[in-house]
Amino acid sequence: MITAAPHIANVKYAIRNIAAVAARLESQGRRIFYCNVGDPLKFDHATPAHMIGAVEKAMADGHNGYEPSAGIASAREAVAAVANSNGMKRVTPDHVVITSGSSEAIDLTLSAMLSPGDEVLLPSPGYPLYNAIAARLQANAVSYYPDEDRGWAIDPDELASHVTKRTRALVLCNPNNPTGAVQDRKAIEGILEVARRNQLLLLADEIYAELLFDGAHTYAGALADDIPVVMFSGLSKAYLACGWRVGWAVFVNPSETDEVEVAVRRLADARLSSAGPFQYAVAPALHGPKDHIAAFMRKLRVRRDLAVKALEGIPGVSLTVPQAAFYLMPRLQLPQVIDDERFVLDLLEATGVLFVHGSGFGEKPGTQHFRAVFLAPETTLRPAFEALNNFVRSRYV
């Protein structure tokens with residue numbers, strides 16, 4: 001028997017794991033209300049035609065082979081130009097790496113800098129990919145806890161309390177998946193000061209930056225030029241191209257991140273390149289028409305408001321209204337619920353409504369949550385939340 005490395009048992013990804021149960025039920029003829037996955041293209045949202053045209057042209061023009069490991073020039077130039085227009089004034093195309101989705105950008109960066117036993121500070125709740133990568137690298141993922149009672153605001157003092165001599169980096173997911181929370185300028189400045197005092201690399205995951213319901217996004221890399229910052233983004237969310245797997249890492253202050261950038265490029269060389277034809281959509285996406293974003297947000301606002309109103313009427317359920325993206329992170333305050341994964345599985349079995357348990361994203365000890373995605377049409381969301389309401393009232397109230 002060939003055995004697996006023991007530490008791989010710590011690699012978990014709740015979003016995909018819970019879906020396997022739903023697939024079993026669906027194969028038995030059950031209707032499943034999918035409110036679990038952050039893929040707009042599973043619903044009534046479509047990739048912009050001019051981006052599809054750019055990929056088709058690239059393929060027709062013969063761009064079907066390996067591309068430069070760091071990405072094609074036009075894509076890196078477009079990403080650098082947008083970064084600079086957003087206040088990150090030191091970015092050149094040479095400090096951009098195009099990757100297979102922002103997930104690979106995150107993976108390459110963490111792999112380039114973390115050794116076994118090193119620590120990385122992660123928001124809890126937060127995107128579980130970071131925990132999975134840290135587990136694979138045998139590094140320690142250390143949670144910090146945004147304050148749910150203050151709209152999931154990050155307290156710099158609470159964040160700093162988790163720093164040790166082994167801490168190498170801290171992650172800021174802003175806007176946040178799974179809460180939809182947005183950190184304001186004051187909070188970001190406080191986070192940057194923690195990084196400055198402790199000589200930490202700040203990993204700024206800002207892939208939802210263009211999906212705010214109100215106001216404009218404040219980019220972390222625009223607020224400091226003396227702190228090492230790597231910014232992650234891509235085409236998956238605002239540009240509705242999840243399956244193309246096009247993302248990037250931007251080394252915002254190159255003089256502060258040179259060694260990590262060299263290591264990331266070495267790793268990028270080893271995997272040859274990300275998918276070539278799809279990179280030709282980056283410049284048209286970033287420099288071309290963006291009407292689809294406004295249309296997307298109009299749909300999302302209606303669906304968010306429907307979900308919020310529905311949840312506010314369910315006993316034992318509370319939530320902070322999301323300011324961005326397409327996620328809700330309601331809190332369960334039902335005395336009988338002591339395991340939110342069990343709650344989500346019981347709900348799925350009883351009603352066919354598929355959410356993801358809050359513990360899969362991390363949460364403050366002693367609290368219970370679930371993540372709901374409001375990408376689906378109202379014809380799916382309305383009966384899903386009605387079923388949740390009936391389930392809670394019949395079983396727990």
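Residues: numbered from 1 along the sequence shown.
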Please determine which of Arg24, Arg395, Arg342 meets the salt bridge (Lys or Arg N to Asp or Glu O under 4.0 Å) test together with Glu349.
Arg24

Flag yes if more than 12 heavy atoms outside Lys299 fall under 6.0 Å of its NZ atom; otherwise flag no.
yes

Counting neighbours of CG on Leu41 that are heavy atoms of other residues, nucleotides or ligands and sit closer than 6.0 Å, is the number greater than 12?
yes

Close side-chain approach of [X] to [Y], heavy-atom, < 4.5 Å:
X: Val252; Y: Val230; result: no
X: Leu172; Y: Gln183; result: yes
X: Val120; Y: Leu170; result: no
X: Cys173; Y: Tyr130; result: yes
X: Ile106; Y: Leu129; result: yes
X: Glu259; Y: Met113; result: no
X: Asp205; Y: Ile207; result: yes
X: Val171; Y: Tyr127; result: no

Side chains of [X] and [Y]: donor-acceptor distance under 3.5 Å anywhere?
X: Glu148; Y: Thr320; answer: no
X: Glu261; Y: His95; answer: yes
X: Ser111; Y: Asp107; answer: yes
X: Tyr280; Y: Glu56; answer: no
X: Glu363; Y: Tyr145; answer: no
X: Ser274; Y: Gln279; answer: yes

Could you state whether [X] and [Y] fall into the same hydrophobic cluster, counting links through intermediate Ile, Leu, Val, Met, Phe, Trp or Tyr residues with side-chain heavy atoms under 4.5 angstrom apart?
X: Val79; Y: Val55; result: yes
X: Val337; Y: Val397; result: yes
X: Leu334; Y: Leu345; result: yes

Pair [X] + [Y], salt bridge at N-O below 4.0 Å:
X: Asp94; Y: Arg265; value: no
X: Lys186; Y: Glu189; value: no
X: Lys290; Y: Glu210; value: yes
X: Asp118; Y: Lys165; value: no

What about [X] and [Y], are their ring centers closer than 6.0 Å?
X: Phe326; Y: Tyr208; answer: yes
X: Tyr219; Y: His217; answer: yes
X: Phe374; Y: Phe43; answer: no

Let me see the working for Val229 and Thr257 under side chain to side chain contact (heavy atoms under 4.5 Å, CB included), right down to the final yes or no.
CA-CA 7 Å; Val229 177; Thr257 57; 6.0 Å; no

Atom pair CD/CG of Gln323 and Leu211 - distance to nearest 0.5 Å
13.5 Å

Say you draw a straight line from CD of Gln138 to OG of Ser115; how long is it, rounded to the nearest 0.5 Å?
11.0 Å

Any idea how Trp152 and His369 line up, ring-wise: parallel (<30°), tilted (30 to 60°), or perpendicular (>60°)?
tilted

Given side chain to side chain contact (heavy atoms under 4.5 Å, CB included), test Ile98 with Ile72 step by step and report yes or no.
CA-CA 8 Å; Ile98 306 296; Ile72 64 173; over 6 Å; no

Under the side chain to side chain contact (heavy atoms under 4.5 Å, CB included) criterion, do His292 and Thr47 qualify, and how do the steps go?
CA-CA 9 Å; His292 73 280; Thr47 309; over 6 Å; no

Spell out, as yes or no, whether a donor-acceptor pair under 3.5 Å connects the side chain of His357 to the backbone of Phe370.
no

Would the distance check show the side chain of Glu312 and the main-chain N or O of Val317 forming a donor-acceptor pair, the cut-off being under 3.5 Å?
no

Distance under 6.0 Å and angle within 45° of ring axis: Arg371 vs Phe361:
no

